[in-house]
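What follows is a set of notes on a single structure, which appears directly below.
All values derive from a computational prediction rather than experimental measurement.
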Amino acid sequence: MKIRFVNLDDAFYTLGFFARTIRGIGNFVLRGGAAYKVLTLQILFTFVEALGIASLLALGIGAAVYVIGMPLLLNLSQPRLIYSLLIIIITRELGPLLAAFIIIARSATAIATEIGGMVISHEVEAYIAVGVDPIEYLAVPRFLGVTVSMFLLNIYFSVFGLAGSYGVVRIFNPLPAEYYFSSLFQALTIHDISISIIKSICFGMIIAVLAISNGFSVERASTEIPIVGLKSVGSSFAWCIIVDILLSALYYTALS
């Protein structure tokens, strides 16, 4: 039995959809009108409503890194490396990926099933009939909303994870706040910030394009809607991990 890792038809369809969405951004900016409300609601749902779970997860990761890492580094007589370790895990590596997983779990399924439902109910055909481009009205604001939300949530996750870990530091080692945060800033480099931002933008575009294109791929049966929802989640997880590995490999290769 032949197993294909990537369905070429789906890959070409998704790439074509991505190119069509990028071309539609210009018209959306110039003639957005009512579609700006869709963009605002998408940011509200994807970013603002995800702050609670992102805060909890960032705080837990920051605390775990400090509690597990500090005793090991003390044994090596290198306690100041805890600041570099916090930045590597929260800002550079795990933070962007966990923020992407939060958005995938919350928004990928919602977007795919919402657009799939519009296709089944002939709402998309109605837009076309009255001269409204469904790409510019439905796809572009969701694409921009998810990408911007991923960028903002990644920054929030990183800041809250690094700042929140200070609460744990205060419990186990009552350092002055000035010393803790100045040590963090000394360990933080422009390269850490740059790779974190690049990852967040790439993850946002991947999640948005896969969710929207899968939603539009629904043809006629309502039973297709949960299938495209699950497909969006699975493919978004897979491609975010693959792109994360590629970007990290390029980053470490460039620094070496």
Original post:
Does the ring center of Tyr83 lie less than 6.0 Å from the ring center of Phe185?
Top reply: no

Subject >> Side-chain donor-acceptor contact under 3.5 Å, Gln42 with Thr46 >> reply: yes

**OP:** Mark yes when over 12 heavy atoms from residues, nucleotides or ligands other than Tyr252 sit less than 6.0 Å from its OH; otherwise mark no.
**Re:** yes

Subject >> Side-chain H-bond candidate by donor/acceptor type, Ser217 with Lys231, under 3.5 Å >> reply: no

Original post:
Checking side-chain contact (heavy atoms from CB on, under 4.5 Å) for the pair Ile104/Cys240: CA distance, chi angles, key distance, verdict?
Top reply: CA-CA 10 Å; Ile104 291 170; Cys240 282; 4.2 Å; yes

**OP:** Please test Ile207 against Trp239 for side-chain contact (heavy atoms from CB on, under 4.5 Å), starting from the C-alpha separation and ending with a verdict.
**Re:** CA-CA 9 Å; Ile207 296 167; Trp239 280 109; over 6 Å; no

Original post:
Side chain of Tyr251, backbone of Arg92: donor and acceptor closer than 3.5 Å?
Top reply: no

Subject >> Distance, nearest 0.5 Å, that separates CD of Gln78 from CG of Leu72 >> reply: 13.0 Å

Original post:
Is there a side-chain contact between Phe17 and Phe12 (heavy atoms, below 4.5 Å)?
Top reply: no

Subject >> side-chain contact (heavy atoms from CB on, under 4.5 Å) assessment of Ile212 paired with Thr21 >> reply: CA-CA 10 Å; Ile212 298 167; Thr21 303; 5.8 Å; no

Subject >> Side chains of Thr91 and Asp192, donor plus acceptor under 3.5 Å >> reply: no

Subject >> Gap between atom CD1 of Ile61 and atom CZ of Phe157 - 0.5 Å precision >> reply: 6.0 Å

Original post:
Does any non-hydrogen side-chain atom of Leu97 lie less than 4.5 Å from one of Glu93?
Top reply: no

Original post:
For the hydrophobic clusters of this structure (ILVMFWY residues joined by side-chain heavy atoms under 4.5 Å, transitively), does one cluster hold both Ile201 and Ile190?
Top reply: no

Subject >> Closest non-hydrogen atom pair between Ile135 and Pro141, with its separation >> reply: O-CD, 4.5 Å

Original post:
What heavy-atom pair brings Phe203 and Pro96 nearest, and what distance separates the two atoms?
Top reply: CD1-O, 3.6 Å

**OP:** Provide the closest heavy-atom pair for Val38 versus Arg142 in the form atom of the first, atom of the second, distance.
**Re:** CG1-NH1, 3.4 Å

Original post:
Same cluster or not: are Leu247 and Ile245 linked, directly or through other Ile, Leu, Val, Met, Phe, Trp or Tyr residues, by side-chain heavy atoms under 4.5 angstrom apart?
Top reply: yes

Original post:
Which atom pair, heavy atoms only, marks the closest approach of Ala99 to Met150?
Top reply: CB-CE, 3.7 Å

Subject >> Val48 reachable from Leu57 in the ILVMFWY side-chain graph, under 4.5 Å edges >> reply: yes

Original post:
Cluster question for you: counting only ILVMFWY and a side-chain heavy-atom cut-off of under 4.5 Å, with indirect links fine, are Leu94 and Ile88 together?
Top reply: no

Subject >> For the student: nearest non-hydrogen atoms of Gly215 and Val119, plus distance >> reply: O-CG2, 3.9 Å

Original post:
At what distance, to the nearest 0.5 angstrom, does CZ of Arg106 lie from OG of Ser149?
Top reply: 10.0 Å

Subject >> Check: Met118 and Glu125 side chains under 4.5 Å, non-hydrogen atoms >> reply: no

Subject >> Evaluation steps, side-chain contact (heavy atoms from CB on, under 4.5 Å), between Asp244 and Lys199 >> reply: CA-CA 7 Å; Asp244 181 68; Lys199 282 184 178 182; 3.0 Å; yes

**OP:** State, yes or no, whether a side-chain contact exists between Thr147 and Phe151 at a heavy-atom distance under 4.5 Å.
**Re:** no

Subject >> Exercise: identify the closest heavy-atom pair between Ala112 and Gly229 >> reply: CB-CA, 4.1 Å

Original post:
Do the side chains of Ser232 and Thr109 get nearer than 4.5 Å, heavy atoms only?
Top reply: no

**OP:** Give the cluster check for Ile198 versus Ile22: same hydrophobic cluster or not, with ILVMFWY residues linked at side-chain heavy-atom distances below 4.5 Å.
**Re:** yes

**OP:** Please assess Tyr36 against Phe28 for the test ring pair (Phe, Tyr, Trp, His ring centres under 6.0 Å), listing each intermediate value before the final yes or no.
**Re:** CA-CA 8 Å; Tyr36 285 133; Phe28 167 77; 5.1 Å; yes

Subject >> Heavy-atom side-chain proximity of Asp133 to Arg20 below 4.5 angstrom >> reply: yes

**OP:** Could you grab the distance from atom CD1 of Ile89 to atom OG of Ser158, nearest 0.5 Å is fine?
**Re:** 12.0 Å

Original post:
Angle class for the Phe47/Tyr156 ring planes (parallel below 30°, perpendicular above 60°, tilted otherwise)?
Top reply: perpendicular

Original post:
Any side-chain heavy atom of Leu85 sitting closer than 4.5 Å to one from Tyr66?
Top reply: no

Original post:
How many angstroms lie between CD1 in Ile225 and CD1 in Ile120, if you round to the nearest 0.5 Å?
Top reply: 5.0 Å

**OP:** For the residue pair Phe101 and Phe237, categorise the inter-ring angle as parallel (less than 30°), tilted (30 to 60°) or perpendicular (more than 60°).
**Re:** perpendicular

Subject >> Interatomic spacing from OG in Ser196 to CG in Leu188 - rounded to 0.5 Å >> reply: 9.5 Å

